[in-house]
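Keep in mind that the numbers below use all heavy atoms, side chains included, and drop hydrogens, waters and symmetry copies. This chain uses plain numbering: 1 for the first residue, then up along the sequence.
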Amino acid sequence: MKLASVNDDDAPDSAPDSARDGLTAPVRRSELVRHIEAHGPVRLEELVETFRVSAMTIHRDLDFLAREGLIERVRGGARAKAHPFAEQDVRLRRTTRVPLKAALAAEAALLIQPGDVVAFDDSTTVAAMLIHLAERAPSAVVTHALGLMRELTLTHPQITLVGLGGQYVHETDSFLGAVVVEQLGRVSADVVFVSTTALKNDALFHPDAAAAETKRALLARADRKVLLLDDTKFEGKGLYHVADLADFDDVVVNAELAAEHRAGLDALAARVPTLRIHYVPTPG
């Protein structure tokens, strides 16, 4: 299967359009997917007005996203893919809410002690912790995220890397499933950092069974469990149980939550003395 990058912008007029609307092409395409998923079938004219770019640019963006399997083209516009439990492609997630992910990652990194063996899942929020590793000085990193493996070998060669392999899934840029789970049975970690797609009834869920299984196995290998979370996860869709919130030692979440969600977290922390909630201000 062709693996195209969402950073591709083969349009000769993309720079002027990006300058007019203030968004780079990858971010605009990510927001296009979010808009289409939120508003159902949309017409091209509506997207032109919403994103303040030319019809030609929108045509090109929609064609690109359709080729990548992220939307479906219809006459005069586009509609969301009919996969209610599908996780958003990692290439789009890497361009979404980047400042917030950086803020959550910075707070979470403070929980790493020098010499710790650290385990990371394949979420883009957790991946944002990479720039803090030199300062926090873990002794080793265990991960099934291929992109993180690449970056770690380039930027932190002094840190031992334990890369978990198995079936590669390009939508997540990681290895998932039974082979990874079997390998996890042979390692341990001091602290594990994960995120997920949905939070409901004080439990984490994920739309993909193999991903949920892998995250569960990762959580089982660490003494301290840390969840990185943002407010969109309270509205997310998930099918397969990953873990209960009460299983975690720390939850790092942006402070700007709906009142009922913040009250729910505070109530749980009051019932579970070992659970700490870290509220991080949303940047900007």
Side-chain angles (χ1 to χ4, degrees), residues 3-8 23-34 37 65 68-70 85-109 111-112 118-133 141-156 161 163-164 168-176 180 192-199 204-208 210-212 214-215 218-219 225-238 242 250-254 278 280 282-284:
L3 178 59
S5 168
V6 294
N7 291 304
D8 291 345
L23 301 177
T24 63
V27 173
R28 184 180 64 245
R29 288 166 179 165
S30 176
E31 291 301 311
L32 270 168
V33 174
R34 289 167 62 90
E37 289 177 346
L65 294 171
E68 295 301 300
L70 300 171
F85 292 107
E87 183 178 21
Q88 190 181 53
D89 190 282
V90 67
R91 291 162 293 166
L92 288 173
R93 288 187 283 118
R94 284 171 178 157
T95 65
T96 302
R97 310 196 83 182
V98 174
L100 175 57
K101 291 176 180 178
L104 297 175
E107 178 71 17
L111 301 174
I112 300 174
V118 177
F120 289 140
D121 78 351
D122 58 356
S123 67
T124 56
T125 305
V126 168
M129 296 177 62
L130 187 66
I131 63 171
H132 302 287
L133 292 190
V141 169
V142 178
T143 187
H144 60 110
L146 182 58
L148 199 152
M149 293 181 205
R150 295 191 195 100
E151 289 298 317
L152 192 68
T153 57
L154 292 173
T155 58
H156 302 292
L161 170 64
L164 306 170
Y168 176 73
V169 180
H170 77 84
E171 290 86 357
T172 59
D173 192 28
S174 65
F175 301 96
L176 300 174
V180 179
V192 58
F193 297 87
V194 304
S195 187
T196 193
T197 302
L199 179 64
L204 281 65
F205 293 86
H206 198 279
D208 181 80
T214 304
K215 289 176 188 286
L218 199 64
L219 287 166
K225 302 171 179 59
V226 182
L227 172 66
L228 283 72
L229 190 67
D230 69 67
D231 55 294
T232 64
K233 304 306 169 78
F234 290 85
E235 309 299 332
K237 293 182 179 181
V242 176
D250 301 87
V251 174
V252 182
V253 60
N254 58 314
H278 305 253
V280 178
T282 301

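Within the 3.5 Å criterion, the main-chain N or O of Asp231 finds a donor-acceptor partner in the side chain of Asn254. Formation of a donor-acceptor pair under 3.5 Å by the His156 side chain with backbone atoms of Leu130 is found in this model.
Distance check, rounded to the nearest 0.5 Å: CE of Met129 to CG of Leu228 gives 6.5 Å. Rounded to the nearest 0.5 Å, atoms OG1 (Thr125) and CG (Leu100) are 7.5 Å apart. With rounding to the nearest 0.5 Å, the separation of NZ in Lys225 from CG in Leu218 is 10.0 Å. Considering CG of Leu148 and OG1 of Thr124, their distance stands at 11.5 Å, rounded to 0.5 Å. Taken from OG1 in Thr214 to CG in Leu176, the straight-line distance is 4.5 Å, to the nearest 0.5 Å. From Thr172, atom OG1 reaches atom NE2 of His144 across 8.0 Å, with rounding to the nearest 0.5 Å.
Residues Thr143 and Leu161 have side chains in contact (heavy-atom distance under 4.5 Å, counting atoms from C-beta outward). Between Lys215 and Asp122 the shortest side-chain heavy-atom distance falls below 4.5 Å. The closest side-chain heavy-atom distance from Phe175 to Leu164 is not below 4.5 Å. Annotation: side chain of Thr196 is not in contact with side chain of Ser123 (no heavy-atom distance under 4.5 Å). The shortest side-chain heavy-atom distance between His278 and Leu111 falls under the 4.5 Å cut-off. Between Thr197 and Val242 the shortest side-chain heavy-atom distance does not fall below 4.5 Å. Between Leu133 and Phe120 the shortest side-chain heavy-atom distance falls below 4.5 Å. By the 4.5 Å heavy-atom criterion applied to side chains, Lys233 and Val253 are not counted as neighbours.
Under 4.0 Å is where a charged nitrogen must lie from a carboxylate oxygen, and between Lys101 and Asp230 no such pair does.
Of all heavy-atom pairs between Ala198 and Gly238, the closest is CB-N, 3.7 Å. The heavy-atom pair separating Ala106 from His132 by the smallest distance is CA-NE2, 3.5 Å.
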Checklist entry - Could you walk me through whether Ile112 and Phe193 pass the side chain to side chain contact (heavy atoms under 4.5 Å, CB included) check? => result CA-CA 10 Å; Ile112 300 174; Phe193 297 87; 3.6 Å; yes
